[in-house]
A.B. asks: 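Encoded as structure tokens, here's the structure I'll be asking about.
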Protein chains: 2
Amino acid sequence: MDTGRRRDAARTRAEILEVASAEFADQGYAGARVDEIAARTRTTKRMIYYYFGGKEQLYVAALQAAYGRIRAAEQEVDVAHLGPVAAIRRIAEVTFDHHEANPDFIRLVSIENIHRGEHIARMPEADLVSLNTPAVDLLGEILERGRGQGLFRTGVDALDVHMAISAFCVFRVANRHTFGAIFGRDLVDPDRRLHYRTMLADMIVSYLSAAE
Amino acid sequence: MDTGRRRDAARTRAEILEVASAEFADQGYAGARVDEIAARTRTTKRMIYYYFGGKEQLYVAALQAAYGRIRAAEQEVDVAHLGPVAAIRRIAEVTFDHHEANPDFIRLVSIENIHRGEHIARMPEADLVSLNTPAVDLLGEILERGRGQGLFRTGVDALDVHMAISAFCVFRVANRHTFGAIFGRDLVDPDRRLHYRTMLADMIVSYLSAAE
DNA sequence: CCACTAATGTACGAACCAGTACGTTAGTTA
DNA sequence: TAACTAACGTACTGGTTCGTACATTAGTGG
């Protein structure tokens, strides 16, 4: 066995990216330390500059990788066999689970928004739009089906629904600390998980089902 | 007139706090620069340490002041004369308007959550709980009234509803940059403002009105 | 097996940045 | 008006932090 072998560009690069993702999610962009990232890898700071060019490019790479990882999960949702209402519930639940399982992704997105999306705005469109629209496209199809059957209201599009679902899921994870400090309720308490998961699905479905 | 007079402790302190709030909201805690804050005031860095003790205490003071400012607006809502449904709509709309008008507050809260609420957790309870619960108490009363009239479902409490409303309002402002970059839709576009405001109220009301 | 290059490590520099030592002035009070 | 103190300013420091110059080694093609 030779797992600790000396030269492995792909491995070194991947390890830097992994450690950097954790560090940026943890400390924010300005708070993250290049030296700290280097120390937590098996290589040195020199390699960060060799492979990524600098702190900012490393951050962008970490952000991009995070969005990439998310894509896979979202594309696996299969709701073709479900009715519109059940399909919407399913999507809400999958999104809910997904956000809960990826708090670091949510943190990176929060951090990027603190920076007014200046980095994501410069990322190639191919890596963003094409990777993220499938989830919304699916929502659009279900909405259309539901409207065709007279089940759903008009006046809302897939992006609006996606926003409402994301808002609920993101807030619960991203704002749990201040919310908990102010109101004394832990939004991610496992005992309340099912309650919020059901609440979200109910809320979205009742909204779509209500007459205008 | 003597507005530019040399000695005015209260004025100096207030100016530092105001500039600091803007700088922290803009750059985050780690990204904010004490020298930059000092440069944007009419006084010097020395005064920041004189009045606040250090960068961290200044940040906490800014955060605390931001929560304080919010309180006033929330306590002004008067819905006693409205029916439960109209009252809920009103609260949703007021919250919506309020978040839209205070993006810096939302940014500070986001930043504090990135830091896992470590500063807010150390703030005196009197400054948090008592200042923030009136809004939720009001919601609780309306919910109770609505349930008494058979209008609202059971199984949800005021804090849950407050969370759902906040989630929608916060997400729209806080995540507008990444959302805009990915989906090409500006969530705070004035042309869409009324659409989202109505959507939120409809969503909350339809959820509360739906049978369990 | 030798030359060449990709990959890696070490040591350091220059800028930055939070915080402070020390000195000064404005207003106040006895 | 003299003594006193709260308020303020200047200049500096010690440590941190991003980035790089320079040296070295592992693997590979000829």
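Order of the sequence lines fixes the chain letters, A, B, ..., with proteins taken first and strands second; residue numbering starts at 1 for each chain.
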A.B. asks: Got a sec: does the CZ of B:Arg90 have more than 12 other heavy atoms crowding it under 6.0 Å?
C.D. replies: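 No, CZ of B:Arg90 has 12 or fewer neighbouring heavy atoms, counting only those of other groups under 6.0 Å.
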A.B. asks: Closest approach of A:Leu200 and A:Cys169, non-hydrogen atoms and distance?
C.D. replies: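 That closest heavy-atom pairing would be CD2-SG, 3.6 Å.
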A.B. asks: Could you state the CD-C1' distance from A:Glu36 to D:dT17, rounded to the nearest angstrom?
C.D. replies: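 Taking atom C1' of D:dT17 as the reference, CD of A:Glu36 is at 12 Å.
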A.B. asks: In whole angstroms, how far is the C1' atom of C:dA18 from the OH atom of B:Tyr59?
C.D. replies: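 Rounded to whole Å, this separation is 18 Å.
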A.B. asks: Just wondering, are more than 12 heavy atoms of other shown residues or ligands nearer than 6.0 Å to CD in A:Glu18?
C.D. replies: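 No, not enclosed.
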A.B. asks: Are B:Glu36 and B:Arg40 within salt-bridge range, i.e. N to O under 4.0 Å?
C.D. replies: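 Salt bridge present between B:Glu36 and B:Arg40.
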A.B. asks: For D:dT20, take OP1 and OP2 only and decide whether either is under 4.0 Å from a side-chain N or O of A:Tyr49.
C.D. replies: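 For A:Tyr49, the contact criterion (side-chain N or O under 4.0 Å from OP1 or OP2 of D:dT20) is not met.
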A.B. asks: Quickly work out the B:Ile16 CD1 to D:dA7 P distance and round it to whole Å.
C.D. replies: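 Rounded to the whole Å, the gap is 12 Å.
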A.B. asks: Atom pairs, N/O to N/O, protein against nucleotides 9-12 of chain D, distance under 3.5 Å?
C.D. replies:
from, atom 1, to, atom 2, distance (Å)
D:dG9, OP2, B:Thr43, OG1, 2.5
D:dG9, OP2, B:Thr44, N, 3.3
D:dG9, O6, B:Arg46, NE, 2.9

A.B. asks: Quick one: does NZ or CZ of B:Arg153 land under 6.0 Å from the six-membered ring centre of B:Tyr207, within 45 degrees of the ring axis?
C.D. replies: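 Yes, cation above the ring, under 6.0 Å and within 45°.
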A.B. asks: Relative to the ring of B:Phe179, is the ring of B:Phe183 parallel (under 30°), tilted (30 to 60°) or perpendicular (over 60°)?
C.D. replies: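 The arrangement is tilted - the two ring planes meet at 30° to 60°.
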A.B. asks: Can you figure out which of D:dC18, D:dA7, C:dA18 approaches the side chain of B:Ala9 most closely?
C.D. replies: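 Output: D:dA7.
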A.B. asks: Touch check for B:Ala30, heavy atoms < 4.0 angstrom, all strands: base, sugar-phosphate only, or nothing?
C.D. replies: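 Contact class for B:Ala30: none.
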A.B. asks: To the nearest Å, how far apart are B:Glu23 CD and C:dA18 C1'?
C.D. replies: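 These atoms are roughly 14 Å apart.
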A.B. asks: Let me know the distance between CD of B:Gln57 and C1' of C:dG19, rounded to the nearest Å.
C.D. replies: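 So the CD-C1' distance, B:Gln57 to C:dG19, works out to 11 Å.
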A.B. asks: Rounding to a whole Å, what distance do you find between B:Phe52:CZ and C:dG19:C1'?
C.D. replies: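 About 16 Å, once rounded to whole Å.
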A.B. asks: Answer with base, sugar-phosphate or nothing: what part of the nucleic acid does B:Ala32 contact at a heavy-atom distance below 4.0 Å?
C.D. replies: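 Sugar-phosphate only.
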A.B. asks: Which nucleotide in the set C:dG19, D:dA7, D:dG19 lies at the smallest distance from any side-chain heavy atom of A:Lys55?
C.D. replies: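 Among the listed nucleotides, the one closest to the side chain of A:Lys55 is D:dG19.
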A.B. asks: In whole Å, I'd like the distance from the CZ atom of B:Arg33 to the P atom of D:dT16.
C.D. replies: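 Between P of D:dT16 and CZ of B:Arg33: 15 Å.
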A.B. asks: Rounding to an integer number of Å, can you tell me how far A:Glu56 CD sits from D:dG19 C1'?
C.D. replies: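 One finds 14 Å between C1' of D:dG19 and CD of A:Glu56, rounded.
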A.B. asks: Just say parallel, tilted or perpendicular for the rings of B:Tyr29 and B:Phe24, cut-offs at 30° and 60°.
C.D. replies: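 B:Tyr29 vs B:Phe24 ring planes: parallel.
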A.B. asks: Quick one: is A:Thr12 getting a side-chain N or O under 4.0 Å of the C:dA7 phosphate, OP1 or OP2?
C.D. replies: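 False: A:Thr12 side-chain N/O out of range (4.0 Å or more) of C:dA7 OP1/OP2.
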A.B. asks: Is there a side-chain polar atom (N or O) of B:Tyr51 under 4.0 Å from OP1 or OP2 of D:dC8?
C.D. replies: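 Checking B:Tyr51 against D:dC8: at least one side-chain N or O falls below 4.0 Å of OP1 or OP2.
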